[in-house]
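Computed from a prediction, not measured in an experiment: that's the story for all the values here. Proteins get letters first, then strands, A, B, ... in listed order; numbering begins at 1 in each.
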2 protein chains.
Amino acid sequence: MSDEELTIADRINTKLDDLTRAERQLAHSILENYPASGLGPLTALAKGAQVSVPTVARMVQKLGFKGYPEFQASLREELRAKVQNPIAKHDTWAEGAPSGHVLNRFTDAVIDNIRHTLGHIAPEKFDQACEMVGDQSKPLYIVGGRVTHTLAEYLFLHMQVIRPRVTHIQSTSNSWPHYLLDVSEGDVFVIFDVRRYENNTLKLAEMAHARGAKIILFTDQWRSPVHQLAEISFSSRIVVPSAWDSAATTMLLVETMIAAVQDADWDNIKDRMEGLEDMFDQTKLFRKFT
Amino acid sequence: MSDEELTIADRINTKLDDLTRAERQLAHSILENYPASGLGPLTALAKGAQVSVPTVARMVQKLGFKGYPEFQASLREELRAKVQNPIAKHDTWAEGAPSGHVLNRFTDAVIDNIRHTLGHIAPEKFDQACEMVGDQSKPLYIVGGRVTHTLAEYLFLHMQVIRPRVTHIQSTSNSWPHYLLDVSEGDVFVIFDVRRYENNTLKLAEMAHARGAKIILFTDQWRSPVHQLAEISFSSRIVVPSAWDSAATTMLLVETMIAAVQDADWDNIKDRMEGLEDMFDQTKLFRKFT
DNA sequence: AATGCTCTGTTATAAAATTTCCAGAATTTT
DNA sequence: AAAATTCTGGAAATTTTATAACAGAGCATT
């Protein structure tokens, strides 16, 4: 790989556009666990990618090989070179980028954040929170601040599909007090608040709490003052090599929560989702996924 | 490597004494450049080790395999497991949660997605994209769809601080054609489009492209059709154990981009950020971070 | 709605790789 | 030193694997 030799993975990526649907499907399957899958027999590769045998044969020719054996030989050669090469490539995420490249530095930090964050979460609390969020007998309010409102909205978007009676409140808007009029004992609030913590959010939390609402809080490692009012808090580590904080870890938690809530009552939710699909089909807003 | 399975190299080393001369010769040849040589055809391996074909067949049986194909399959499996674990995958992320808990399953998937995604990004392309996004002489448009608009907004929110002349367009809104009136040669578009790909987004991209705008696309592994119009595309892996796709990886890329753009012109950006801080202080929207 | 195109998978054919069998060489034992 | 045993490689047999030819399906275009 010292000189201009491209790896086969590179070649596949480059040619990706020239490939047909089945071939692309195959290409992704090869890259999925590279290079192992390409080293097996053609038949197995085809089955794994759920394409026909000739499709594989055709694609390797498109990639510039005379036939599958030649393709494999090249793959083995690449593997040999890589193993023999003493520079440990495995500690960089983006291969080809120097380890000091921002892609690697940032990714390192985020992975680290994820590790720390997950390590401090009590699974029972998480399950409990999911149950509260999924409880359709109680209205659900989702609250975000200036930056976190994107996370709040993301959660809202999905919750709206999953269940009825969901409301998204932006604490930075001045209309939020109106929403609180309807809040009663036992309602559930999911609140996002990371530094710099927002006064509005705290006020909102206080009022919701006073009305007997249960609060689930997503915050950072230093914890928003809201956490004293919260039933359950999740603190994410958010430090990255940037002037900003990272929302990636919190995003991960939110997505996990969506998945968990959904799994818990899948049979009913499926109907809702299918209904939504139908509506989208009718509006022709989306293309069919091929 | 989940249980106490030994690697094939280990097995060979253990059995080394029980092997005959020709077999030992072969064994050393296999270990010479392991595992590549064992993944080729039996004939080639025999020739490389200067032993006969049946010798190879016999030895793999001595190692406990039914035949050469089974030996190879085992070797590939070993390779797959090894490549897949740059970070120890098998310790659980949320300690105390069973490894089958959704927190761990989801996190595994996301980490895996990150690994794959970063592996396919060309650092030069990324740098180039950052430069385009940071170029203050060109207007910047950020476009998101139904789900991705949260990502778009996140990027917009930060870009707005970093530089002037940023516009956020929601492709699902019907007012977007108005924005395109002002687009001219060389303007930069950052477009988010993941499955199910949205017709509106494609239309928008086509019109922007027709007007000579440069497009940077964030999409998924199957690639939005927009990518054919795009100057630069980034494909994230987005599959998670959920009915939905994950935005976490794309979020990571977006945050990295924000950090990179910011670093590139830090001196000027710092002033802008401080100005913003002042304004927030005056509105007393935030608490001081202590 | 019909026509032409490209793409995909099934079937058939050819090639190759692996296994088996056997005879001769090498080694050990008597 | 001869005989028995084990090991080794050549060649055939068998299985597996890859390629080629073809027809039907799907898609876009007119």
Does a side-chain N or O from [X] land closer than 4.0 Å to OP1 or OP2 of [N], or not?
{"X": "T43(A)", "N": "dA18(D)", "result": "yes"}
{"X": "T20(A)", "N": "dT8(C)", "result": "yes"}
{"X": "T55(A)", "N": "dC7(C)", "result": "no"}

What is the separation between atom [atom1] on [X] and atom [atom2] on [N], rounded to the nearest whole Å?
{"X": "L45(A)", "N": "dT16(D)", "atom1": "CG", "atom2": "P", "answer": "19 Å"}
{"X": "K66(B)", "N": "dT19(C)", "atom1": "NZ", "atom2": "P", "answer": "10 Å"}
{"X": "E23(B)", "N": "dA26(C)", "atom1": "CD", "atom2": "P", "answer": "18 Å"}
{"X": "Q50(A)", "N": "dT8(C)", "atom1": "CD", "atom2": "P", "answer": "14 Å"}
{"X": "M59(B)", "N": "dT20(C)", "atom1": "CE", "atom2": "P", "answer": "17 Å"}
{"X": "E70(B)", "N": "dA17(C)", "atom1": "CD", "atom2": "C1'", "answer": "17 Å"}
{"X": "Q61(B)", "N": "dC21(C)", "atom1": "CD", "atom2": "P", "answer": "11 Å"}
{"X": "L42(B)", "N": "dG9(D)", "atom1": "CG", "atom2": "P", "answer": "13 Å"}

Tell me whether the side-chain N or O atoms of R21(A) pair up with the base of dG26(D) as donor and acceptor below 3.5 Å, since no angle test is needed here.
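Answer no: no donor N or O sits under 3.5 Å from an acceptor.
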
Categorize P41(A) for me: base, sugar-phosphate, or nothing, with a 4.0 angstrom heavy-atom threshold over every strand shown.
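Since only primed, P, OP1 and OP2 atoms lie under 4.0 Å of P41(A), the category is sugar-phosphate.
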
Scan V53(B) against the nucleic acid and name what it touches under 4.0 Å (heavy atoms): base, sugar-phosphate only, or nothing.
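Touches a base.
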
Determine the interplanar angle of the F234(B) and F126(B) rings, folded into 0 to 90°, and report it as parallel if under 30°, tilted if 30 to 60°, perpendicular if over 60°.
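Plane angle over 60°, so perpendicular.
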
For the residue pair F65(B) and F71(B), does the interplanar ring angle fall in the parallel (under 30°), tilted (30 to 60°) or perpendicular (over 60°) class?
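Perpendicular: the ring planes of F65(B) and F71(B) meet at over 60°.
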
Please walk me through it: do D187(B) and R211(B) pass salt bridge (charged side-chain N to carboxylate O under 4.0 Å, His left out)?
CA-CA 9 Å; D187(B) 289 8; R211(B) 286 176 155 271; over 6 Å; no

Return the nearest nucleotide to the side chain of [X]; candidates are [options].
{"X": "R58(B)", "options": "dA20(D), dA18(D), dT8(D)", "value": "dT8(D)"}
{"X": "A22(A)", "options": "dG9(C), dT18(C), dT20(C)", "value": "dG9(C)"}
{"X": "V51(B)", "options": "dT19(D), dG9(D), dA20(D)", "value": "dG9(D)"}

With sequence neighbours left out, which residue pairs that include part of residues 47-73 of chain A fulfil the salt bridge (Lys or Arg N to Asp or Glu O under 4.0 Å) condition?
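Only E23(A)-K62(A) qualify under salt bridge (Lys or Arg N to Asp or Glu O under 4.0 Å).
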
On DNA chain C, does the nearest nucleotide to S52(A) precede the nearest nucleotide to V60(B) from the 5' side, or the other way round? Give the residue.
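With S52(A) and V60(B) compared, the 5'-side residue is S52(A).
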
Side-chain contact, heavy-atom cut-off 4.5 Å: D127(B) with H101(A)?
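The answer is yes; the side chains approach within 4.5 Å.
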
